[in-house]
Engineer: 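Provided herewith is a single structure, encoded as structure tokens, for subsequent inquiry.
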Amino acid sequence: MKKDFLRILDLTDKELVRLLDLADAWKRRGGDRRPPTPLKGKTLAMVFQKASTRTRVSFEVGMTRLGGHALFLSPQDTQIGRGEPLKDTARVLGRYTDAIMVRTFGHSLVEEMALHSRVPIINGLTDDHHPCQILADLQTARERGKSLRKMKVGFIGDGNNVANSWVEAAHLLGFSLHVACPKGFEPSPEIMAEAETVGRGEVRIVRDPADAAAGADLLYTDVWTSMGQETENKRRMKAFKGYCVDSALLSAAKKNAIVMHCLPAHRGEEITDDVIEGPQSAVFEEAENRLYAQMAVLDTLIPH
Ligand code: CP
Ligand code: NVA
């Protein structure tokens with residue numbers, strides 16, 4: 001595997017499947033009284049420039065379970081908030097710690113950190129990618145019996161960071177991904193073009209959510225307004241009207257389809273309460289799997 005994990009395309013399809021297998025193995029060991037601790041004495045620095053519940057806690061708990069330690073670093077409490085560049089922060093943190101997980105705005109920031117850091121950089125979400133999320137999503141889909149090579153995924157809503165990472169996964173593994181979004185809210189054209197060069201998936205942009213949902217094995221959605229886009233909220237609420245995963249849309253998917261959402265969810269906007277709470281929802285297993293998928297990433301990237 002490459003030194004850093006910044007996007008799904010940093011992996012080969014074999015490496016991706018190996019990570020999912022390792023994530024499953026860590027999950028099976030969940031109840032062990034005396035699990036192996038391969039990262040004993042190792043430290044993960046976690047730099048957060050945006051809010052987080054799942055990513056922060058799952059990385060921290062993951063490091064603990066692996067025998068290591070994680071440090072939460074927020075802009076307010078570090079020199080980052082006073083303007084110290086992330087690339088300098090990365091150079092310094094890399095001299096104390098064994099890996100750096102970062103959640104920030106522009107994707108070029110994590111690329112720059114990777115360039116300057118001697119230890120692995122792990123992307124915990126940027127404006128363009130959310131690769132750790134998609135690992136947990138794929139683990140969950142496979143666990144629920146979906147074929148990662150053949151499934152049809154209907155992504156309903158904003159072509160955001162999560163959607164971009166789904167585009168990369170679809171091409172890498174070869175499944176079909178139909179994204180239903182309003183005009184102007186498509187996944188990144190650059191990322192779509194790059195992912196196409198890996199090229200085995202079938203990625204389509206459609207306007208009607210029912211077209212993306214038709215015959216789908218998995219319906220996916222995410223918030224209409226991502227972190228950092230708060231000033232666009234009003235415009236987005238209008239644009240995304242009708243792009244809600246509700247029971248009518250779900251009935252267009254396969255009978256045994258599952259519903260996923262990376263969380264946090266806005267019930268009544270991109271997903272209804274009855275769907276997220278319903279029998280086809282895999283949302284909370286998906287959140288749980290963040291822990292195991294990231295344990296696999298840490299176990300693989302941090303030398304031991
Ligand atoms: N899905 C996800 O990344 O959640 P957090 O923002 O809570 O980390
Ligand atoms: N697209 C969302 C995902 C949050 C986990 C955001 O970037 O805010």
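In listed order, ligands and their atoms are each counted from 1.
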Engineer: Is it true that Arg204 and Asp211 make a salt bridge, defined as a side-chain N closer than 4.0 Å to a carboxylate O?
Structural biologist: no
Engineer: For residues 85-92, dump all side-chain donor-acceptor pairs below 3.5 Å to protein atoms at least two apart in sequence or in another chain.
Structural biologist:
unit_1: Asp88; atom_1: OD1; unit_2: Arg91; atom_2: NH2; d: 2.8
unit_1: Thr89; atom_1: OG1; unit_2: Pro85; atom_2: O; d: 3.0

Engineer: Side chains of Thr272 and Asp274 only: does a donor on one sit below 3.5 Å from an acceptor on the other?
Structural biologist: yes
Engineer: Whether Asp217 and Arg144 form a salt bridge (side-chain N of Lys/Arg under 4.0 Å from carboxylate O of Asp/Glu) is what I want to check.
Structural biologist: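 Judged by the 4.0 Å cut-off on N to carboxylate O distance, Arg144 and Asp217 do not form a salt bridge.
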Engineer: Identify, chain by chain and in numerical order, each protein residue with a heavy atom under 4.0 Å from an atom of ligand 1.
Structural biologist: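 Ligand 1 pocket, heavy atoms under 4.0 Å: Ser52, Thr53, Arg54, Thr55, Arg103, His130, Gln133, Cys262, Leu263, Arg290.
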Engineer: Looking at Lys2 and Asp10, is any side-chain nitrogen of the basic one under 4.0 Å from a carboxylate oxygen of the acidic one?
Structural biologist: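 Counted as a salt bridge, because a side-chain N and a carboxylate O are separated by less than 4.0 Å.
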Engineer: Counting only N and O atoms by type, is there a donor-acceptor contact under 3.5 Å from the side chain of Arg207 to the main-chain atoms of Cys181?
Structural biologist: yes
Engineer: So that I can tick it off, tell me whether Lys50 and Asp127 are bridged by a salt bridge, with the cut-off set at under 4.0 angstrom between side-chain N and carboxylate O.
Structural biologist: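 A salt bridge links Asp127 with Lys50.
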Engineer: Which protein N or O atoms sit under 3.5 Å from any N or O of ligand 2? Give atom names and distances.
Structural biologist:
unit_1: ligand 2; atom_1: 1 (N); unit_2: Asn160; atom_2: ND2; d: 3.3
unit_1: ligand 2; atom_1: 1 (N); unit_2: Asn161; atom_2: OD1; d: 2.9
unit_1: ligand 2; atom_1: 1 (N); unit_2: Asp222; atom_2: OD2; d: 2.7
unit_1: ligand 2; atom_1: 1 (N); unit_2: Ser226; atom_2: OG; d: 2.7
unit_1: ligand 2; atom_1: 7 (O); unit_2: Asn161; atom_2: ND2; d: 2.8
unit_1: ligand 2; atom_1: 7 (O); unit_2: Ser226; atom_2: OG; d: 3.4
unit_1: ligand 2; atom_1: 8 (O); unit_2: Met227; atom_2: N; d: 2.8

Engineer: Looking only at the side chains, is there a donor atom on one of Ser188 and Asn164 sitting less than 3.5 Å from an acceptor on the other?
Structural biologist: no
Engineer: Report the residues that fulfil side chain to side chain contact (heavy atoms under 4.5 Å, CB included) with Asn289, sequence neighbours left out, ordered by chain and then residue number.
Structural biologist: Lys27, Ala136, Gln139, Thr140, Glu143, Tyr292
